Each structure stands twice: as structure tokens, then as C-alpha cells.
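Supplied in C-alpha cells, the structure appears directly below.
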Amino acid sequence: MGLRYWLMKSEPTTFSIDDLCNAPRQTTCWEGVRNYQARNYMRDMAIGDLVLFYHSNADPPAIVGIAEVVKTAYPDPTQFDKKNKYYDPASHPSNPRWEMVDIKFVRKLSRPLSLPELRKERTLKNMLLLQKGSRLSVQPVSREEWEHILSLEQSARPSTSKKRQ
DNA sequence: GCCAACGTTGGC
DNA sequence: GCCAACGTTGGC
């Protein structure tokens, strides 16, 4: 199976792209996912897969960077920690319910690609992120979507392009 | 801060 | 197995 692409959401007040950049070895474990579909997507991840790092609950919400998968799915220890906010009393260590992967910083985008800007792209109209009511925090991105998104990075910010000199 | 959309829980 | 109630996500 070839390289695959993903998008992962994080609230920047909780863990931002800069936090990832400044983390030890620029790597973090993706703890706290408590949604089966998102977990299943993490199980599908392979080392070397590339990830769009998305800031949710931000102003504006935006894709801000790229990371790569450096460790495939393994049990998320926070599910067994009674003091952790991600504690899940229904999950037993002999059969862990929740898993996580490790991702490593690759780079920040040269500029954030905001949700409103992404919505303007007809090529991206089927993107999971842009569907009404979509809340998945871990989701697949097609190769076409990936390439189109990164091509937007090269173009000028729409709001400033009008004052070209 | 509001609230629509969604996922989960639990009574029946 | 249905579905009402509840909790959460996340854009606005």
C-alpha cells in the first residue's frame, strides 16, 4: 500500500502546530481520541503517511502544517488513568478500546489555509472536513485533495491579492 | 456564548 | 432494537 494522507484536528489552545514543533524530538502521541471512526482511521495509518495539521476552534479554523506518522497504532494509556480526563472506565487493559499513533512535525505551511478559503475550492467540495456537520477529528484525505491543498499554499492570500502593486 | 449536528447511553 | 435524553464538537 502506498503513502496515504490524513487530516488531524487539534485545538491550538490545547496543542498547536508550534507545540508540536517545540516538542521533544518534534514528536507527540495523539492521545485522547474517543471516537470509533477516528480510532479506526488511526489503525489504518502507516509509518510515513502524511498528515495535515488542522487548528479547530480557532479564529479562523485552518490547516496550518504538515506532520508524518512515525509510530503506528498502540493503546492509549490515558484510557486507564483514573485521574486523566480521557479515562474510560469501560475499557479494560486486556482489551484496550482506544489507540493512538505518534506523529512528527514536518513543517508549517507558509501561510494558514483557512476554512473559508478551503470552502471556495470546487476541487475540495467533497472533502470530509467541509461536509455539513462533520466532526471527525481524524480523517482521510485523498491524493487529489492533498495536492490541491498544497497548491493553494503557493498562491497569494485571496484577501491581499487585490492590493498588488 | 449559541446551537446544529452528531455519537453514545440506557430505559423499556 | 428503538429512541429519548444527554454530552460533545466545533463553526459562527
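Quick note on labels: first sequence line is chain A, next is B, and so on, each numbered from 1. Note that the structure is predicted; figures quoted are calculated from it, not measured.
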Query - A:Lys82 side chain vs A:Tyr87 backbone, donor-acceptor pair below 3.5 Å - result: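 Not a single qualifying donor-acceptor pair exists.
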Q: Mind calculating the distance between OH (A:Tyr54) and P (C:dT9) to the nearest angstrom?
A: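 One finds 14 Å between P of C:dT9 and OH of A:Tyr54, rounded.
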Nucleotide C:dG11, atom P - distance to CE of A:Met127 in whole Å: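 It is 12 Å, rounded to the nearest whole Å.
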Worksheet entry | Candidate nucleotides B:dT8, C:dG10, C:dG11, ranked by approach to the side chain of A:Tyr36 - the nearest |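 Per side-chain heavy atoms of A:Tyr36, the pick is B:dT8.
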So which one's nearest nucleotide on DNA chain B is more toward 5', A:Arg34 or A:Asn57?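 The residue whose closest nucleotide sits nearer the 5' end is A:Asn57.
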Round to the nearest Å and state the distance from A:His55 atom NE2 to C:dG11 atom P.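 It is 12 Å, rounded to the nearest whole Å.
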Under 3.5 Å, N/O pairs linking protein and nucleotides 2-6 of chain B:
residue: B:dA5; atom: OP1; partner: A:Lys132; partner atom: NZ; Å: 2.8
residue: B:dA5; atom: N3; partner: A:Arg135; partner atom: NH1; Å: 3.2
residue: B:dC6; atom: OP1; partner: A:Lys132; partner atom: O; Å: 3.4
residue: B:dC6; atom: O2; partner: A:Arg135; partner atom: NH1; Å: 2.7
residue: B:dC6; atom: O2; partner: A:Arg135; partner atom: NH2; Å: 2.8

Quiz prompt | The single option from A:Lys85, A:Arg34, A:Lys83 passing side-chain contact (heavy atoms from CB on, under 4.5 Å) against A:Thr78 | solution =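 Between A:Thr78 and the candidates, side-chain contact (heavy atoms from CB on, under 4.5 Å) is satisfied uniquely by A:Arg34.
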My understanding is that only residues two or more places apart in sequence, or in another chain, count here; which of them pass salt bridge (charged side-chain N to carboxylate O under 4.0 Å, His left out) with A:Asp81?
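Scan of A:Asp81 (salt bridge (charged side-chain N to carboxylate O under 4.0 Å, His left out), adjacent residues dropped) gives none.
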What is the distance, rounded to the nearest whole Å, between atom CG of A:Asp88 and atom P of B:dT8?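 Atom CG in A:Asp88 sits about 11 Å away from atom P in B:dT8.
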Candidate nucleotides C:dC12, B:dG7, C:dG10, ranked by approach to the side chain of A:Asn35 - the nearest:
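From the listed options, B:dG7 comes nearest.
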Practice prompt. Rounded to the nearest angstrom, tell me the gap between atom CG in A:Leu118 and atom P in C:dC12.
Written response: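 In whole Å, C:dC12 P and A:Leu118 CG are 11 Å from each other.
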**Q.** A:Val33 to A:Ala38 - nearest heavy-atom pair and separation
**A.**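 Looking at all heavy atoms of both residues, the closest pair is CG1-CB, 3.6 Å.
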(request) Take the protein atom CG of A:Leu115 and the nucleotide atom C1' of C:dG10, then report the distance between them rounded to whole Å. (result)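 Going from A:Leu115 (CG) to C:dG10 (C1'), I get 10 Å.
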Testing the basics here: between A:Arg97 and A:Ser91, what is the closest heavy-atom pair and its distance to 0.1 Å?
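Looks like N-OG, 3.0 Å.
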Report the distance from atom CG of A:Leu129 to atom C1' of C:dT9, rounded to the nearest whole Å.
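Taking atom C1' of C:dT9 as the reference, CG of A:Leu129 is at 13 Å.
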query: Rounded to whole angstrom units, what separation is found between the CD atom of A:Gln139 and the C1' atom of C:dT9?
result: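 These atoms are roughly 13 Å apart.
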Can you give me every donor-acceptor pair (side chain of residues 50-64 of chain A, partner residue at least two apart or in another chain, under 3.5 Å) with its distance?
residue: A:His55; atom: NE2; partner: A:Ile17; partner atom: N; Å: 3.1
residue: A:Asn57; atom: ND2; partner: A:Glu11; partner atom: OE2; Å: 3.1

**Report entry** Phosphate-side-chain proximity, A:Lys9 and C:dG10, N/O vs OP1/OP2 below 4.0 Å
**Finding:**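 True: A:Lys9 side-chain N/O within range (under 4.0 Å) of C:dG10 OP1/OP2.
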Are there more than 12 heavy atoms of other residues, nucleotides or ligands under 6.0 Å from atom CZ of A:Arg143?
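Counting other residues, nucleotides and ligands, CZ of A:Arg143 stays at 12 neighbours or fewer.
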